[in-house]
Enquirer: 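Below is a structure I'd like to ask you about.
Each chain gets a letter, A, B and so on, in the order its sequence line appears, and its residues count up from 1.
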2 protein chains.
Amino acid sequence: MTESAPRTRRSRTASLLPAPEDTGLTGKATINDIARLTGVSKKTVSRVINNSPLVHPETREKVLALMKQLGYTPDPQARGLAFRRSFLIGLVYDNPTAQYIVNMQYGALDALRDSGYELVVHPCDSSKEDYIDGVRRFVQQQKLHGVILIPRVSEDEQLAAALREIGVRYVRIASVPMDAAAHMLVTQDRQASTEAANYIESLGHRTIGLITGPRRYRSTIERGGGFLGGLDARGIKLPPDYIFEGGYTFDSGVAGAEYLLAKSPRPTAIFACNDEMAAGVYKAAMRRGLSIPGDLSVVGFDDSPLAAQLWPALTTIHSPTRDVGRQAAQMLLGEEPSSEAAAVAPRAVNPQLVVRDSTQRPKG
Amino acid sequence: MTESAPRTRRSRTASLLPAPEDTGLTGKATINDIARLTGVSKKTVSRVINNSPLVHPETREKVLALMKQLGYTPDPQARGLAFRRSFLIGLVYDNPTAQYIVNMQYGALDALRDSGYELVVHPCDSSKEDYIDGVRRFVQQQKLHGVILIPRVSEDEQLAAALREIGVRYVRIASVPMDAAAHMLVTQDRQASTEAANYIESLGHRTIGLITGPRRYRSTIERGGGFLGGLDARGIKLPPDYIFEGGYTFDSGVAGAEYLLAKSPRPTAIFACNDEMAAGVYKAAMRRGLSIPGDLSVVGFDDSPLAAQLWPALTTIHSPTRDVGRQAAQMLLGEEPSSEAAAVAPRAVNPQLVVRDSTQRPKG
DNA sequence: CTGAAAGCGCTTACAG
DNA sequence: CTGAAAGCGCTTACAG
């Protein structure tokens with residue numbers, strides 16, 4: 001079985017005499033080498049690469065053995081060109097905290113390891129009118145295999161619509177279902193916030209403050225609403241003036257606490273909808289000479305590294321971000337998102353309350 | 001100028017009759033469409049794409065105009081296949097803090113924006129014996145255009161050697177030159193730490209503690225050494241038992257401060273070689289009822305968001321990480337790293353002391 | 001279960 | 001300054 005055109009250019013590894021040394025090639029072998037050395041057509045090698053069932057087991061074994069021996073892996077660019085899509089997963093996000101982004105990346109990479117796929121990061125500025133165009137160009141230019149959307153861009157219906165139009169796979173990570181199950185990964189923030197409310201109430205607190213995120217964020221509705229709902233179910237109605245709309249930033253946490261701690265009666269506990277704002281509460285409390293948790297109990301949300309590093313360590317809600325990233329990537333790598341999966345309920349993860357040292361029974 | 005083989009399969013946009021509607025195609029045009037519609041060969045279009053000077057200005061204009069009109073951008077996979085390399089930049093790192101990683105990513109992406117290149121992240125575990133193989137596979141498989149190495153993997157000579165062997169471009173970000181100038185981006189940590197020493201001495205502190213990173217890190221030598229050198233130049237010799245080897249973690253900062261604050265005489269100032277450890281110093285000081293900066297001045301390194309969020313806000317050294325990321329990516333995108341650049345001194349950035357509220361003159 | 005031909009969208013020699 | 005041919009390393013129809 002000689003090659004058809006000896007006069008054509010050939011890769012270095014495809015010399016006419018396959019010397020034993022050829023075996024030592026590092027990552028340079030091509031599908032042609034595998035086909036020639038193993039005596040089958042490249043189409044059959046291609047079938048092996050793509051796990052087609054239409055290959056005789058013996059043939060498959062022979063091919064796999066040589067691929068392993070030569071350390072052959074198919075060229076993603078060539079495959080991509082022929083497939084008309086790449087082996088890249090895009091991670092698109094607006095402006096979450098660094099730890100959240102990094103955890104999500106680690107999780108996604110956990111799932112991608114040894115899969116032949118790689119992770120391409122794409123932060124963007126959703127406050128710009130044309131940011132969706134930027135994402136679209138990114139997705140189309142790179143012919144991404146799939147896209148992971150994390151809050152807050154995951155909440156943008158126009159972005160999702162644009163991705164649907166392109167026809168790319170995508171997964172939205174959000175605190176509430178807002179798309180077909182195949183496209184959703186839900187973090188049950190509401191439920192966890194209710195748990196925080198139950199805990200604070202059970203400690204005996206009755207005068208309570210709440211610092212939320214911006215009203216336009218879905219997570220604000222879930223986290224803040226879950227907390228209020230939890231208190232309500234236990235007979236505590238939070239007056240509107242004990243609710244402060246923050247911006248998920250440290251400074252807004254300071255401002256919120258300054259506001260709440262000036263009220264009379266002064267709250268004995270504050271729930272901040274993320275840890276950064278909770279850290280701001282610490283600062284405001286210290287400035288006023290209030291001790292935590294002696295004079296004020298504080299609960300956050302996220303369980304960022306910051307939470308354990310504050311003094312006293314912050315009681316907060318742990319969100320399994322890395323797991324979420326892993327699951328999202330897995331959803332993208334899975335089989336066609338049609339069939340059964342489509343009908344099923346969206347996947348969900350449950351953040352959990354982590355009790356540390358910033359909470360106790362109120363004095364007196 | 002009709003196409004040679006009307007019987008061959010053609011892309012949808014290449015219908016025989018270029019209707020006006022064809023103009024509205026979104027990102028589907030190919031080099032063939034540009035060539036046909038503009039009446040030149042695809043090779044000439046290719047020359048325009050690659051900025052070859054060997055194109056008549058008028059021809060170039062005509063081609064560029066149509067490309068713009070059709071929203072054409074060359075397919076990176078096809079280019080990559082022909083070029084035998086991709087348009088991807090790899091970011092390789094071990095285990096820095098989240099904020100550092102994210103800032104570096106933002107910086108690199110700043111430089112890559114609209115360049116046609118994308119950023120692929122590759123965290124790894126340098127404590128594993130075979131992590132270099134993992135990086136090598138990553139680089140070769142994706143045929144990366146270049147790699148950015150950030151501390152601590154940037155300090156690994158074996159990794160650098162492996163990359164040289166592969167023949168891929170790379171930039172090492174480190175606190176001291178350790179490779180050819182074309183491959184180095186130096187953050188002058190030593191100089192900045194000396195500045196911190198000068199500042200602390202100038203406040204009047206004479207009993208001073210130092211918490212370093214692990215001895216095997218190059219940054220430890222630079223940061224710790226720069227600090228000691230600065231004190232020494234001003235006539236202060238730090239006794240060895242006022243130096244604690246930490247691990248760049250919050251907990252090791254706590255441990256270091258517990259150790260130092262138990263000494264007699266007790267230090268009136270502590271320099272921690274990163275902010276996380278400085279945060280640990282805060283915790284230990286508070287536990288002992290020591291006020292910052294009244295009883296103890298604290299200086300950190302990094303200027304992470306944490307620094308501004310501590311109370312009192314931490315005096316620290318600001319490292320322009322995002323700029324560093326941007327410069328590193330630019331070095332990778334630049335012209336061939338031969339010629340002049342090679343002879344020049346390595347690029348360097350200078351971290352700066354940021355004085356906040358955690359430092360003052362010692363009491364008494 | 002297997003293969004020969006044509007193609008994915010570009011670039012590299014090579015020739016003018 | 002320009003172009004026709006061959007190729008990069010794979011896959012898709014199509015045929016057996």
Enquirer: If you check the Ala78(B) side chain, which of dT12(C), dT11(D), dC10(C) turns out closest?
Expert: dC10(C)
Enquirer: If you check every side-chain atom of Pro74(B), which of dC8(C), dC10(C), dT11(D) has the closest atom?
Expert: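 When the side chain of Pro74(B) is considered, dC10(C) is the closest of dC8(C), dC10(C), dT11(D).
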Enquirer: For the P atoms, the ones on dA13(C) and on dC1(D), what distance do you get once it is rounded to whole angstrom?
Expert: 22 Å
Enquirer: Can you check side-chain hydrogen bond (donor to acceptor under 3.5 Å, both in side chains) on Gln141(A) and Glu118(B), steps first, answer last?
Expert: CA-CA 10 Å; Gln141(A) 164 104 1; Glu118(B) 296 289 344; over 6 Å; no
Enquirer: From the list dG9(C), dC8(C), dG3(C), which nucleotide is the closest neighbour of the side chain of Lys43(A)?
Expert: dG3(C)
Enquirer: For dT11(D) and Asn50(A) - does any side-chain N or O of the residue sit under 4.0 Å from the phosphate oxygens OP1/OP2?
Expert: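 Checking dT11(D) against Asn50(A), a side-chain N or O does come within under 4.0 Å of OP1 or OP2.
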Enquirer: Can you measure Ile34(A) atom CD1 to dT11(D) atom P for me and round it to whole angstrom units?
Expert: 13 Å
Enquirer: Between dT11(C), dT2(C), dC1(D), which nucleotide gets closest to the side-chain atoms of His56(A)?
Expert: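 Closest of the options to the side chain of His56(A): dT2(C).
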Enquirer: Could you state the CD-C1' distance from Glu61(B) to dC1(D), rounded to the nearest angstrom?
Expert: 16 Å
Enquirer: Grab the CZ-C1' distance between Phe83(A) and dG9(D) for me, whole Å please.
Expert: 13 Å
Enquirer: Could you check whether Pro53(B) gets within reach of a base, just the sugar-phosphate, or nothing at all, counting any heavy atom under 4.0 Å?
Expert: sugar-phosphate
Enquirer: Under a 3.5 Å cut-off for both contacts, is dG16(D) paired Watson-Crick or G-U wobble with anything, and if yes, with which nucleotide?
Expert: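 Its partner is dC1(C).
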Enquirer: In Å, rounded to the nearest 0.5 Å, how long is the span from CG of Asp33(A) to OG1 of Thr38(A)?
Expert: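 Taking CG in Asp33(A) and OG1 in Thr38(A), the distance rounds to 11.5 Å.
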Enquirer: Measuring to OP1 and OP2 of dT11(D), would you say a side-chain N or O of Ser46(A) lies under 4.0 angstrom away?
Expert: yes
Enquirer: Whether Arg84(A) contacts dC8(C) is assessed here as follows: a side-chain N or O lying under 4.0 Å from the phosphate OP1 or OP2. Is that the case?
Expert: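 Arg84(A) to dC8(C) OP1/OP2: no side-chain N or O under 4.0 Å.
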Enquirer: With respect to the phosphate group of dC8(D), does any side-chain polar atom (N or O) of Thr30(A) fall under 4.0 Å of OP1 or OP2?
Expert: no
Enquirer: Could you check how far CG of Asn32(A) sits from C1' of dA6(D), rounded to whole Å?
Expert: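 Distance, rounded to whole Å: 14 Å.
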Enquirer: Would you kindly give the CZ-to-P distance between Arg79(B) and dT12(C), to the nearest whole Å?
Expert: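 Rounded to the whole Å, the gap is 10 Å.
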Enquirer: Hey, which of these two, Asp75(A) or Pro57(B), hits DNA chain D nearer its 5' end, going by closest nucleotide?
Expert: Pro57(B)
Enquirer: Taking the cut-offs as 6.0 angstrom to the six-membered ring centre and 45 degrees off its axis, would you call Arg85(A) and Phe83(A) a cation-pi pair?
Expert: yes
Enquirer: Tell whether Arg47(B) reaches the base of dT2(D) with its side chain through a donor-acceptor pair below 3.5 angstrom.
Expert: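 By the distance-only test, yes, there is a pair.
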Enquirer: From CE of Met67(B) over to P of dG9(C), roughly how many Å is that when rounded to an integer?
Expert: 16 Å
Enquirer: Within this structure, what is the CG-to-P distance between Leu81(A) and dT11(C), rounded to whole angstrom?
Expert: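 Rounded to the whole Å, the gap is 12 Å.
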Enquirer: Considering heavy-atom distances to DNA chain C, does Lys42(A) or Val55(A) have its closest nucleotide positioned more toward the 5' end?
Expert: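 Taking each residue's closest nucleotide, the earlier one in sequence belongs to Val55(A).
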Enquirer: Would you tell me whether Tyr131(B) and Asp94(B) have side-chain atoms, one donor and one acceptor, within less than 3.5 Å of each other?
Expert: no
Enquirer: Please indicate whether Glu157(B) has more than 12 foreign heavy atoms, meaning atoms of other residues, nucleotides or ligands, lying under 6.0 Å from its CD.
Expert: yes
Enquirer: Check the surroundings of atom CG in Asp130(A): do more than 12 heavy atoms from other residues, nucleotides or ligands lie under 6.0 Å from it?
Expert: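 Counting other residues, nucleotides and ligands, CG of Asp130(A) exceeds 12 neighbours.
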Enquirer: Between atom CD in Gln77(A) and atom P in dT11(D), what is the gap in whole Å?
Expert: 14 Å
Enquirer: Kindly point out which of dT11(D), dC10(C), dT2(C) is positioned nearest to the side chain of Ile31(A)?
Expert: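 From the listed options, dT11(D) comes nearest.
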Enquirer: State whether Ser41(B) places a side-chain N or O below 4.0 Å from either non-bridging phosphate oxygen (OP1 or OP2) of dG3(D).
Expert: yes
Enquirer: Between Thr44(B) and dT2(D), is there a contact of a side-chain N or O with OP1 or OP2 at under 4.0 Å?
Expert: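 Looking at the OP1 and OP2 atoms of dT2(D), neither is under 4.0 Å from any side-chain N or O of Thr44(B).
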